[in-house]
Participant: 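My structure is below; once you've seen it, I'll send some questions.
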Amino acid sequence: MARWVVVVQFGHGEQYKVEEVVRFEATPEQARASLYEIACTHRPRMGLRQQRREVFRTGDGDAYYVHIEGMMSTHRVFYRLAELAWSSDSRGGYPH
């Protein structure tokens, strides 16, 4: 099984952050299903009171653009799925 990470990208203006949401091992199909579930449920900010969420798939399902309307603000974030391609850690590195 491959090793995966889901990252969320968000910010305003020229200030953007990328944070890891989760790391896991799965098949590509399982990883895409996990990404979709995270895009539909994850709260990118603590205390966010979601009123409405729209989830848009981009590409082949390895990324989602999510528009979240809260009580006081609107958040626009990208959730992306990435497969580990190489690691210096001998337990998990495999070159492609």
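This one's a predicted model, so the numbers in the text were calculated from it and none came from an experiment. Only heavy atoms go into these numbers, but all of them, side chains included; no hydrogens, no water, no symmetry mates.
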Participant: Between the side chains of Thr27 and Gln30, does any donor sit under 3.5 Å from an acceptor?
Facilitator: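 Their side chains do contain a donor-acceptor pair, which is all the 3.5 Å distance test asks for.
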
Participant: List in chain and number order the residues that pass side chain to side chain donor-acceptor pair (under 3.5 Å) with Gln9, two or more places apart in sequence or in another chain; answer none if no residue qualifies.
Facilitator: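 None.
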
Participant: Under the ring-ring contact (aromatic ring centres under 6.0 Å, His included) rule, collect the residues that match up with His42, sequence neighbours excluded.
Facilitator: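 Per chain and number, His42 pairs via ring-ring contact (aromatic ring centres under 6.0 Å, His included) with Tyr79.
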
Participant: Considering residues at least two apart in sequence or located in another chain, which fulfil the side chain to side chain contact (heavy atoms under 4.5 Å, CB included) criterion with Met71?
Facilitator: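 If we apply the side chain to side chain contact (heavy atoms under 4.5 Å, CB included) test to Met71, skipping adjacent residues, the hits are Arg49, Gln51.
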
Participant: Does Phe56 sit in a hydrophobic cluster with other residues, and if so which ones, taking ILVMFWY side chains as linked at heavy-atom separations under 4.5 Å, directly or through other members?
Facilitator: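 Members other than Phe56 - counting any ILVMFWY side chain reachable under 4.5 Å - are Tyr65, Phe78.
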
Participant: Would you please name every residue forming a side chain to side chain donor-acceptor pair (under 3.5 Å) with Arg52, sequence neighbours left out?
Facilitator: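 Listed in chain order: Glu54, Glu69.
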
Participant: Without swapping roles, check the side chain of Trp4 against the backbone of Leu81 for a donor-acceptor pair under 3.5 Å.
Facilitator: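 Not confirmed, Trp4 side chain does not pair with Leu81 backbone.
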
Participant: Just to verify, what does Arg23 make a salt bridge (charged side-chain N to carboxylate O under 4.0 Å, His left out) with, not counting sequence neighbours?
Facilitator: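 Partners of Arg23 under the salt bridge (charged side-chain N to carboxylate O under 4.0 Å, His left out) test: Glu20.
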
Participant: Side chains of Val8 and Val18: closer than 4.5 Å at any heavy-atom pair?
Facilitator: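 Side chain of Val8 against side chain of Val18, heavy atoms only: no contact under 4.5 Å found.
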
Participant: Please identify each residue that fulfils side chain to side chain contact (heavy atoms under 4.5 Å, CB included) with Glu14, with sequence neighbours left out.
Facilitator: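 Partners of Glu14 by the side chain to side chain contact (heavy atoms under 4.5 Å, CB included) criterion come out as none, since no residue qualifies.
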
Participant: Applying side chain to side chain donor-acceptor pair (under 3.5 Å), name anything that partners Arg32, two or more places apart in sequence or on another chain.
Facilitator: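 Listed in chain order: Asp62.
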
Participant: Holding to ring-ring contact (aromatic ring centres under 6.0 Å, His included), I want the full list of residues that pass it with Tyr64, two or more places apart in sequence or in another chain.
Facilitator: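 Tyr64: ring-ring contact (aromatic ring centres under 6.0 Å, His included) contacts with Tyr36.
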
Participant: With sequence neighbours excluded, what pairs up with Gln50 under the side chain to side chain donor-acceptor pair (under 3.5 Å) test?
Facilitator: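 Gln50 satisfies side chain to side chain donor-acceptor pair (under 3.5 Å) with Arg53 once adjacent residues are dropped.
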
Participant: If we check side chain to side chain contact (heavy atoms under 4.5 Å, CB included) with Val55, which of these qualifies: Ile68, Val66, Thr41?
Facilitator: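 The option that passes is Val66.
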
Participant: Please name all residues satisfying salt bridge (charged side-chain N to carboxylate O under 4.0 Å, His left out) with Glu29, sequence neighbours left out, ordered by chain then number.
Facilitator: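 Salt bridge (charged side-chain N to carboxylate O under 4.0 Å, His left out) list for Glu29, sorted by chain: empty.
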
